[in-house]
There are 2 protein chains.
Amino acid sequence: MAEAGERMTAPRRRVLSLLLETGEPVKAYDLIARFGEDGQAAKPPTVYRALEFLERLGMAHRIASISAYVACSGSAANGSAPHAAAFLICDCCGATREIAGPDQGSIDAAAAGAGYVIARTTIEAHGLCLACREAG
Amino acid sequence: MAEAGERMTAPRRRVLSLLLETGEPVKAYDLIARFGEDGQAAKPPTVYRALEFLERLGMAHRIASISAYVACSGSAANGSAPHAAAFLICDCCGATREIAGPDQGSIDAAAAGAGYVIARTTIEAHGLCLACREAG
DNA sequence: CTCGTGATGTTATCTCATAACACACCATCA
DNA sequence: TGATGGTGTGTTATGAGATAACATCACGAG
């Protein structure tokens with residue numbers, strides 16, 4: 001997966017660790033604030049560059065509709081290629097679940113009909129989770 | 001579609017008009033800059049509020065991955081309900097096509113399995129359009 | 001006419017993200 | 001072993017995207 005010469009360095013590992021600890025989508029500036037083990041914040045480019053790296057390797061995803069980042073819960077975390085991501089996002093409490101994307105093939109087919117070749121697809125489904133519906 | 005008491009007022013009409021004129025995704029601050037017929041810019045909340053209204057009625061979509069807005073090219077422009085949106089986005093030239101989303105039912109089913117009820121789904125597929133592939 | 005809801009105008013500020021440059025690390029190959 | 005080139009990091013500064021809060025206005029219902 002990684003291009004030759006790419007390394008899992010300390011800041012990248014640190015950002016991945018923060019994403020994994022959290023388990024839910026995290027804002028970039030939350031990562032920046034929590035970056036230093038000693039409570040020291042990082043500079044924004046440090047974290048954004050790590051996020052770009054992790055996303056490129058399929059170990060993290062950006063959820064654009066809420067401007068947040070999350071560790072990949074699928075097979076990519078184990079070293080497979082970057083993959084299509086699909087998320088269920090609760091608009092009430094923010095709880096987010098990554099699910100299997102529905103039929104990447106149909107998107108590719110529709111794209112081919114329009115002349116496009118697709119590299120990455122993100123599906124973001126907003127609604128309410130069970131707990132928030134029950135809470136009214 | 002519209003809630004009782006909601007009106008298509010002048011600023012909303014103006015923003016929709018700008019979106020329709022453009023035909024491609026437009027940045028919010030481009031709308032702000034072009035808002036006045038006389039070249040006067042609008043204040044950000046004017047345009048953001050109009051965009052929120054248009055999106056709520058299914059007449060426009062936000063494409064979060066590129067922070068842009070586009071008039072809906074589907075049936076919603078004619079007055080149907082807000083609908084799932086799917087976009088093909090060229091990472092090279094920015095050309096964007098709205099396509100029929102693949103099987104909203106399968107997303108709803110997957111969401112139900114996780115306890116979620118989905119209100120809005122956006123699919124954003126990034127890749128290259130035909131022209132950009134041919135251009136190398 | 002008056003009241004309530006929805007819409008607008010305005011100021012200020014907040015959050016998100018990247019450009020640009022200098023320097024450090026590390027494998028490799030002469 | 002030391003020159004080299006790609007990759008990564010640190011730092012400063014700034015650009016871009018979006019919203020909070022509050023005052024005022026427009027309009028339809030009663």
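Below, chain A is the first sequence line, B the second, and so on; all start at residue 1. From a predicted model like this one, the values you see are computed outputs, not experimental measurements. All heavy atoms count here, side chains included; hydrogens, waters and symmetry mates do not.
With hydrogens and angles ignored, the 3.5 Å screen pairs a side-chain donor or acceptor of A:Arg12 with a backbone N or O of A:Arg7. Looking only at distances, a side-chain donor or acceptor of A:Arg133 sits under 3.5 Å from a matching main-chain atom of B:Gly115. Judged by distance alone, with hydrogens and angles left aside, the side-chain atoms of B:Lys43 form no donor-acceptor pair with the main-chain N or O of B:Ile32 at under 3.5 Å. Using modelled atom types, no side-chain atom of A:Ser17 and backbone atom of A:Arg13 make a donor-acceptor pair closer than 3.5 Å. Proximity of a side-chain donor or acceptor of A:Glu124 to a complementary backbone N or O of A:Leu88 within less than 3.5 Å is not detected.
Summarising the local packing, CZ of B:Arg97 is surrounded by 12 or fewer heavy atoms from other residues, nucleotides or ligands at distances under 6.0 Å.
Taking atom CZ of A:Arg49 as the reference point, atom C1' of D:dT9 lies 6 Å away to the nearest angstrom. We find that CG of B:Leu51 is positioned 13 Å from P of D:dG17, with the value rounded to whole Å. Taking atom CE on B:Met8 and atom C1' on C:dT8, their separation rounds to 16 Å, with Å as the unit. In this structure, the CZ atom of B:Arg14 is 15 Å from the P atom of C:dT8, given to the nearest Å. One atom, CD of B:Glu6, and another, C1' of C:dT8, lie 15 Å apart when rounded to the nearest Å. The nearest whole Å value for the distance from the CD atom in A:Gln40 to the P atom in D:dT9 is 19 Å. Rounding to whole angstrom units, CD1 of residue B:Ile32 and C1' of D:dT19 are separated by 11 Å.
Checking the phosphate oxygens (OP1, OP2) of D:dT9, no side-chain nitrogen or oxygen of A:Lys43 falls inside 4.0 Å.
Residue contacts shown for A:Arg12 are limited to sugar-phosphate atoms, with no base heavy atom under 4.0 Å away. Residue-level contact check: B:Pro45 touches the bases, meaning some heavy atom is under 4.0 Å from a base atom.
Here the OG-CD1 distance, from B:Ser65 to B:Ile63, works out to 7.0 Å after rounding to the nearest 0.5 Å.
Applying the salt bridge (Lys or Arg N to Asp or Glu O under 4.0 Å) rule to B:Asp30 yields no partners; only residues at least two apart in sequence or on another chain are considered. B:Phe87 meets the ring pair (Phe, Tyr, Trp, His ring centres under 6.0 Å) test with B:His61; sequence neighbours excluded. For the ring pair (Phe, Tyr, Trp, His ring centres under 6.0 Å) test, no residue two or more places apart in sequence or in another chain qualifies with B:Tyr116.
Each end of the helix from C:dC1-D:dG30 to C:dA30-D:dT1 gets its own axis, taken as the rotation carrying the C1' atoms of four end pairs onto the next four within a five-pair window, and the two axes meet at 20° to the nearest 10 degrees.
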Any N/O pairs under 3.5 Å between the protein and nucleotides 15-17 of chain C? List them or say none.
residue	atom	partner	partner atom	Å
C:dC16	OP1	A:Lys27	NZ	3.1
C:dA17	OP1	A:Arg62	NH1	2.3
C:dA17	OP2	A:Tyr48	OH	3.1
C:dA17	OP2	A:Tyr69	OH	3.2
C:dA17	N7	A:Tyr29	OH	2.9
C:dA17	N6	A:Tyr29	OH	3.3

Annotated protein contacts, base or backbone, on nucleotides 24-30 of chain D with a non-hydrogen cut-off under 4.0 Å, one of B, S, - each: ---S---
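Salt-bridge check for B:Glu55 with B:Arg120: failed, with every basic side-chain N at 4.0 Å or more from each acidic carboxylate O.
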